[in-house]
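Reckoned from all heavy atoms, side chains included, excluding hydrogens, waters and symmetry mates. Just so we're on the same page: letters track the sequence lines, and every chain starts at 1.
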2 protein chains.
Amino acid sequence: MAQKDTAGRILDAAEALFSEKGFAETSLRNITTKAGVNLAAVNYHFGSKKSLIQAVFARYLAPFCEQFSLQLDLIENQQPSPEQLLKLLVITLTKSGLENPEKFGVFMRLLGLAYSQGQGHLRKFLTSEYSEVFTRYMKEINRVTPQLTPMERFWRIHFMLGAAVFTMSSVDSLMAMADHDLDTKTDVKDVIAQLMPFLASGLMAVDQDKTDGLKNVE
Amino acid sequence: MAQKDTAGRILDAAEALFSEKGFAETSLRNITTKAGVNLAAVNYHFGSKKSLIQAVFARYLAPFCEQFSLQLDLIENQQPSPEQLLKLLVITLTKSGLENPEKFGVFMRLLGLAYSQGQGHLRKFLTSEYSEVFTRYMKEINRVTPQLTPMERFWRIHFMLGAAVFTMSSVDSLMAMADHDLDTKTDVKDVIAQLMPFLASGLMAVDQDKTDGLKNVE
DNA sequence: AATCGTTTAAAACGTATGTTTGAATTTCAT
DNA sequence: ATGAAATTCAAACATACGTTTTAAACGATT
């Protein structure tokens, strides 16, 4: 167990270092040293650094998408609430190799990096490989928010994504901050429990400016 | 006007390239070429690449903090609503060299990068230089959300920050996406108009699980 | 046991980076 | 106009990077 094959050890080391320092800041020498393998092994097993980055994502996303697709099948003929729809995502995440809270933080940090320092190749890779499941989930979101305009829905989805990714990217340091300032013992589950009502409320928010017109009618 | 001094031209080029490609991915040769100055000029005027990064932030943050501090003075003895408190932030941003929507996006992208690929030096620089104003704003948030526990408040602040920074970091590409998919003509002001009710609603959300206990009493 | 494809190893390659140097040039008060 | 200070410039420096190469070690098949 402690002695995985070379490729696996490289992936482990790479994902840890990437999530700590970013892609460009992590050298192949960093990775191979941490993995205890030869420098050339990366290029031998993965071809290039870019492909290694994609492989790190694929190892997370492949099982996740599989699980998520299954979960989406289950609710297709049901009437879930927004909260349930969010919970579905979280549950799937924890059911596809991310049950470990530490791994969860790592994955979210990688996701944040993919957005912020998203070199073209990563974005193309992600959208081309995993857009189908995302589209299906969006359909479900549409169903539970019929009162929203398409524009409102579009932006609120991305606000939610931002709140989740951004927070979970640095969930470790934020938890440490919270525990220090508030004298608590926070856990990733607690953060998610805080996040869900925030997201649900934001998604369902009633825009005051939009409904102001009614005042004149009354 | 087109002929600023060398240091200014470097800052202009650096901030544009940083926000496009990130810090590590932008070389001094990229910057000096774009600025039309000699390579050594960066080290002459700023000392190092790290110091240049900090200088790019300082040029935005110095006027912002000044304005923001003034605005905070004005409401100190008032009873603003959460929406007004958010609006205060936005107004200050647009009153301190960020009235240009393009610049606004650049600044938010830099802020996002500072978090995601936040090399230690940047984080230390930002928190040490500009923590005072942030603390004052937090005090105001406390005042308008007395019903929240400190833990709820802490996390919701960061959720809001995440939604704002993450979305505004890639506001250009998101707007393009929205305009393409929904056949609209979105503008940064529109996005902010969408963002504010989302954030306000999330901040004030009532946690269902928390109030469930009351059901048993009734 | 010999052979073949697969994997690891050490070293070197070419390139790009941040930084420094020292001379040339400009700036500007005297 | 002059001389000192500030700035610009081309060139080189040392270092780190991703990648390639070549040979050695390994493992399964015959």
Side-chain angles (χ1 to χ4, degrees), chain A residues 1-59 110 113-114 117-122 124-125, chain B residues 1-59 110 113-114 117-122 124-125:
Chain A
M1 166 60 185
Q3 289 288 52
K4 275 188 185 176
D5 61 339
T6 302
R9 296 234 298 284
I10 290 175
L11 284 175
D12 288 342
E15 91 172 23
L17 290 172
F18 284 155
S19 90
E20 279 173 29
K21 314 197 297 174
F23 303 121
E25 294 84 352
T26 301
S27 71
L28 294 187
R29 285 167 178 83
N30 289 157
I31 296 170
T32 51
T33 299
K34 171 156 190 160
V37 304
N38 187 271
L39 167 61
V42 169
N43 287 285
Y44 175 75
H45 285 281
F46 297 95
S48 69
K49 187 181 180 182
K50 282 186 183 181
S51 304
L52 171 61
I53 294 175
Q54 295 177 1
V56 168
F57 275 87
R59 192 165 60 152
L110 289 173
L113 283 169
Q117 59 179 264
Q119 295 115 311
H121 75 98
L122 231 182
K124 274 171 196 164
F125 172 74
Chain B
M1 167 61 185
Q3 289 288 52
K4 276 189 184 175
D5 60 338
T6 301
R9 296 235 298 283
I10 290 175
L11 283 174
D12 289 341
E15 91 173 21
L17 291 172
F18 284 155
S19 90
E20 279 174 29
K21 316 195 294 176
F23 303 121
E25 295 84 351
T26 302
S27 71
L28 294 187
R29 285 168 178 82
N30 288 158
I31 296 170
T32 51
T33 300
K34 172 155 189 161
V37 304
N38 187 271
L39 166 61
V42 169
N43 288 284
Y44 176 76
H45 284 281
F46 298 95
S48 69
K49 188 182 181 182
K50 283 186 183 181
S51 304
L52 171 61
I53 294 175
Q54 296 176 1
V56 168
F57 275 87
R59 192 165 62 151
L110 289 173
L113 284 169
Q117 60 178 263
Q119 296 113 312
H121 76 98
L122 232 184
K124 275 171 195 162
F125 172 75

Pick out the pairs of N or O atoms, protein on one side and nucleotides 15-17 of chain C on the other, that lie under 3.5 Å.
unit_1: dT17(C); atom_1: OP1; unit_2: Ser27(B); atom_2: OG; d: 3.3

Apply side chain to side chain donor-acceptor pair (under 3.5 Å) to [X] and list each qualifying residue two or more places apart in sequence or on a separate chain.
X        : value
Asp12(A) : Lys4(A), Arg59(A)
Ser19(B) : Arg109(B)
Asn30(A) : Lys21(A), Ser27(A)

Original post:
Which residues within residues 10-18 of chain A lie with some heavy atom under 4.0 Å of an atom in DNA chain C?
Top reply: none

For [X], enumerate each residue passing the side-chain contact (heavy atoms from CB on, under 4.5 Å) test, keeping only those at least two apart in sequence or located in another chain.
X        : result
Ala40(A) : Asn38(A)
Ala16(B) : Lys34(B)
Ala41(B) : Thr6(B), Ile10(B), Val37(B), His45(B)

Original post:
Quick one: does Ile31(B)'s side chain get under 4.5 Å of Leu52(B)'s, heavy atoms only?
Top reply: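 The answer is yes, as the side chains (C-beta and beyond) meet within the 4.5 Å cut-off.
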
**OP:** Indicate yes or no: at least one non-hydrogen side-chain atom of Ile53(A) is less than 4.5 angstrom from one of Phe125(A).
**Re:**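 Contact flag for Ile53(A)/Phe125(A) side chains = no.
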
Original post:
Along DNA chain D, 5' to 3', what are the outermost nucleotides having an atom less than 4.0 Å from a heavy atom of chain B?
Top reply: dA6(D) to dA12(D)

Work out which heavy atom in [X] is nearest to a heavy atom in [Y]; give both atom names and the distance.
X         : Y        : value
Leu113(B) : Phe18(B) : CD1-O, 3.2 Å
Ala114(B) : Phe23(B) : N-CE1, 4.2 Å
Gly36(B)  : Arg9(B)  : O-NH2, 3.3 Å

Original post:
Tell me the side-chain hydrogen bond (donor to acceptor under 3.5 Å, both in side chains) pairs involving residues 47-57 of chain B, sequence neighbours left out?
Top reply: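 Non-adjacent pairs meeting side-chain hydrogen bond (donor to acceptor under 3.5 Å, both in side chains): Ser48(B)-Ser51(B), Gln54(B)-His121(B).
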
Original post:
When the C1' atoms of the five terminal pairs at each end define the local axes, what inter-axis angle does the helix from dA1(C)-dT30(D) to dT30(C)-dA1(D) show, to 10 degrees?
Top reply: 10°

**OP:** Could you check which residues of residues 36-46 of chain B get a heavy atom under 4.0 Å from DNA chain D? Sort them by number, please.
**Re:**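 When residues 36-46 of chain B is checked for heavy atoms under 4.0 Å from DNA chain D, the hits, listed by number, are Asn38(B), Ala40(B), Tyr44(B), His45(B).
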
